[in-house]
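Below is one structure, written out as structure tokens, with a few remarks after it.
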Amino acid sequence: MGENVVGRSVRRPDLVEKVTGAAQYCVDVTMPGMAHAKVVRSDRAHARITGIDVAEALAGPGVVAVVTADDIASLHARFGHIIADHWILATGKVRYYGEPVAVVVAETVAAAADAVELVRVSYEDLPAVMDVDAALADGAPLVHEQSYEATGDESFKNLSHVDEETAEPALTNLAHEVTLGWGDVDAAFAESAAVVENTVHFPMLYAYAMEPYNAVASYHEGALSVVSTAQHPYMVRDDLARVFGLPLARVRVTSPYLGGGYGSKSYTKVEPLASVASWVTGRPVKLTLSVEEAIYTTRVDSARIHVKSGFAADGTILARDFDIVMDSGAYADNSPLVMAKAVNRCFGPYRVPNLRVRGRSVYTNTAPASSYRGFGAPQGNLAGETNLDRAAERLGISGADIRRRNLVRKGEEILPGKRGIDADIPADLEMVVESLERDRKDVPYYGIGFGCSASDAGAYPISTAQVRIQIDGSVLVLSGSTEMGQGSRSLLAQVAAEELGVDLSVVTVVQSDTSVTPYERTTGASRTTTLVGLALQRACADARARLRDMAAELFECAPGEVRDLPGAVAGPDGRELSFGAVVRQWFGGSAGEVTGVGLLRRDGATQKMPPFWEVGMVGVAVEIDPETGVVAVDQLVTVADVGFAINPRAVEGQDLGAATQGLGGALYEELVYDGAQLANANVVDYRVPRMKDLPRKIDLMIAERRDGVGPYGAKGAGEGTLNPIGGAVAAAVARAVGRWPDRLPLTPERVWRLMSSD
Amino acid sequence: MSESASEPVQGPPRVPVTVEVNGVSVDRQVEPRSLLADFLREDLGLTGTKVSCELQVCGVCTVLVDGRPVSSCTFLTADADGAAVTTVEGLSDGQTLHPLQESFVDHFALQCGFCTPGFLMMSKALLDGDDVPDRAAIVEHLEGNICRCTGYQPIVEAVEHAAERLRGGAHG
């Protein structure tokens, strides 16, 4: 359609900064007079705190202060954007091994670390609930003996299906329950030619963003400034304003380049700890976690899902029933939303005439779980897709045919009243199957598997953007969306250059400083391309309108007589002025600038929720060593159904990255609790994919049908390819060995045992 | 609130070290337990080197000591006394990017970039050797470096491309 800058794999300017070592990450940020914090953590799963003796630690060399819950009792010392249940420092009791009990502030990191060892915390042990069965048992010990006021998060109210009028329930370890359904499931089961049911276990994962959570905070004269690793600086600002009772405008949160996020840096993490330490000491305080501490700060919800589906003899789905139980750990964090999304995403982009889903997010005395790339989709999809493949086997039809029979077509709704599917998913399926079959090997212990998902993506559409046209014609783009590797800094520059008709090299993008860049609700749910992209297009249009008005004054004509040119305007007499010339001449004195503002809300094209559907479409082929159970990935095939790829190489990069993370969870990764604590809270024993694990063939395809609401027909990417990987790997392994696994990851031992079982 | 009058940090006597960092000779007194990564980042302000696992298994903190790649997160600064240390800041001459840097950008071989300094230094050690590495040698050599963003394939391609370019003698 004649675009010049978008749709091309332009070099990302941020990558140049990153290869020289010049790029600044939060961990590189210092503040004048800064002290350093280290956290004293609980060494038991559930215990009453009977005393904290800080005297010896305080006497340590270089120690400035030791902060405990008592010191911050005058603050609203809890956070949590859905349920404000997360105590900044353990108050009265600890709820998991690794929970922060005190913060030591010292002149150096080493001095703080030394003093941590000198803080004596005495406990009285309480019975712990280490898994969901223990937590849901009658008379189970309570992780929380109180209920908490809801924060009324708008996206949460919109995206979950909770009856808000229910009376205060009796206290249990149920953090949150979500249900969804329609039709008469039981009647449909009774009429089904085949009913297939199975249970799957999704492992407890860790995102392992390589830059661990860290923040530097300065509280000074009723204002708080925090630099942090937050994906959503505005959400963190809101939590911090609540903690200190400050106006939003007095809290500044800045997110520089993030060393990975993958959802794990969504919402508030260590910012309150650094902030209260600064509030107590009156000095800027920096807190950097180790990887072990980061694992104990936020992990991924593990899940046990029972699924039962009824089919007609030809494979048509008649009914589906899901029961999802997630282990959400000691604090809710974003798990209620993860659960709401798992409920929406478990049954797949299929016609399901009768549906019943129950999802329960459960408190346990384990590390808190929260968002992870895919938001509940990887958990739910594993159940739904595995069940579908088992049904195909039972009915004697292929995995492709059962999907062809049930996949929704473009425009069909999978959630009643929500946006219809804005993608051609059956066409995407054919691309994957064709690629897999083309390179299928005829060798023993070889299997292929594939899977589909559709995620209600984009989250709540509230985005703003600004463009500032400079006197030399260069352009500043301001956005509150965070650059964490996904490439938004480069992509937004492409959009602005396209809209304004200027060279990409004169556009600079500034992101994620709540006192400088305009509001952005979150950086998640693959939203930036679509929603910030739209806001930015509006900002560019607004800047152009202002420039036309100013040029009309200069040309002494009506604004309607001024025409847009690339990077310039033209008057009725053919006179042309560049953007810079318009600004200079209108203000006079070779100074000034023009700001265009773009605002996006739930309105017009983004009225219907979700803003777009993120399709996941992947296939894998595996070859298994029968002696060892080692699974080699022979093929990885993905389709990015993105509507329009603004930077195709960047889209491929997101897809391969997401698929590789998915392969990690499918084949290698799992956090394992052994008693009160994790047995493998480190990167030695928690194995993530390495270079030798590269699939032998990688086919990354992009489907561009301009069917999204975003700029140029674009939709988001970055999560979709992870979501169906688990189910695809499980099906491939099942076909290679002739037995169905019921859990991930499919480690060599698990596969060997599966092959060797009777 | 519990605060103490701040005192100077005490401990064992400091150790004198002389290290050539990216061609510049540096003399410092460091704590015996000072780690090379902290020395580079905090004492010298060379924050290009990053730290992640702190267990020598992720490769993020890799720097070259006398040309050999080491994990600076677990390497004592005192052990670098008298040695030449090269960090990511020393790869480029300040004007033009090193072929590896150029190739990483061209191949989209990084996203968040946190692991990239380690990959670059590890790759430099490989390309500084006598043999021109093939794909298998690159994969073998970089097995100790973790990247969580890219899925590795673009990194392999970037190093292959840089190796070809260096074989042509384009850059030292």
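When reading the values below, keep in mind they use all heavy atoms of this one structure, side chains included, and skip hydrogens, waters and symmetry mates. Note on naming: letters A, B, ... go to the chains in the order of the sequence lines (proteins, then strands), and numbering restarts at 1 for each one.
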ask   = What part of A:Ala650 is in contact with chain B, defined as an atom under 4.5 angstrom from a non-hydrogen atom: side chain, backbone, both or neither?
value = both
ask   = Could you state the interatomic distance from CG (A:Asn647) to CZ (B:Phe108), rounded to the nearest 0.5 Å?
value = 4.0 Å
Part of B:Leu120 within contact of chain A (heavy atom distance under 4.5 Å) = side chain
Leading residue by heavy atom contact count with chain B [cutoff under 4.5 Å; candidates A:Gly260, A:Gly653, A:Ala23, A:Gly487] = A:Gly653
task = Enter the distance from B:Gln111:CD to A:Glu483:CD here, rounded to the nearest 0.5 Å.
result = 9.0 Å
Part of A:Asp114 lying under 4.5 Å from any heavy atom of chain B = side chain
request  = Answer with side chain, backbone, both or neither: which region of A:Val10 has an atom nearer than 4.5 Å to a non-hydrogen atom of chain B?
outcome  = backbone
task = Side chain from CB out, backbone as N, CA, C, O: work out which of these in A:Ala110 comes under 4.5 Å of a heavy atom of chain B, or both, or neither.
result = both
query = Do we see a donor-acceptor contact under 3.5 Å between the side chains of A:Tyr25 and B:Thr47?
reply = no
message = Looking at B:Cys112, is its backbone amide N or carbonyl O close enough to the side chain of A:Lys18 to form a donor-acceptor pair, meaning the two atoms are under 3.5 Å apart?
response = yes
inquiry  = A side-chain contact here means heavy atoms from C-beta on lying under 4.5 Å apart; do A:Leu656 and B:Tyr152 qualify?
reply    = no
query = Roughly how far apart are A:Met210 CE and B:Phe114 CZ, rounded to 0.5 Å?
reply = 8.0 Å
Main-chain N/O of A:Ser290 paired to B:Glu54 side chain as donor or acceptor, under 3.5 Å = no
query = Side chains of B:Phe119 and A:Met691: closer than 4.5 Å at any heavy-atom pair?
reply = yes
message = Shorter than 4.5 Å, heavy atoms on both sides: which option in B:Gly90, B:Ser52, B:Gly113 has the most such pairs with chain A?
response = B:Ser52
ask   = For the candidates B:Ile155, B:Asp106, B:Leu55, which exhibits the highest count of non-hydrogen atom pairs separated by less than 4.5 Å from chain A?
value = B:Asp106
query = CD/A:Glu652 to OG1/B:Thr150 distance, rounded to the nearest 0.5 angstrom?
reply = 13.0 Å
note = Looking only at A:Pro695, A:Pro212, A:Pro689, most heavy-atom pairs under 4.5 Å shared with chain B are made by A:Pro689
request  = Side chain from CB out, backbone as N, CA, C, O: work out which of these in B:Val60 comes under 4.5 Å of a heavy atom of chain A, or both, or neither.
outcome  = side chain
ask   = Side chains of B:Cys58 and A:Val291: does their closest heavy-atom pair fall under 4.5 Å?
value = no
ask   = At what distance, to the nearest 0.5 angstrom, does CG of A:Asp28 lie from CZ of B:Arg41?
value = 4.5 Å
ask   = Charged N to carboxylate O below 4.0 Å: is that the case for B:Glu140 and A:Arg690?
value = no
ask   = Do you know which of A:Val27, A:Val684, A:Leu258 has the most heavy-atom pairs with chain B at a distance under 4.5 angstrom?
value = A:Val27
ask   = So which of B:Thr116, B:Leu110, B:Val156 has the largest heavy-atom pair count under 4.5 angstrom toward chain A?
value = B:Leu110
ask   = Between B:Arg148 (side chain) and A:Ala207 (backbone), is there a donor-acceptor pair under 3.5 Å?
value = yes
message = Could you check whether B:Glu102 pairs with A:Arg11 (Lys NZ or Arg NE/NH1/NH2 to Asp/Glu carboxylate O, under 4.0 Å)?
response = yes
key: Rounded distance (nearest 0.5 Å) linking atom CD of B:Glu89 with atom OG1 of A:Thr20   = 8.0 Å
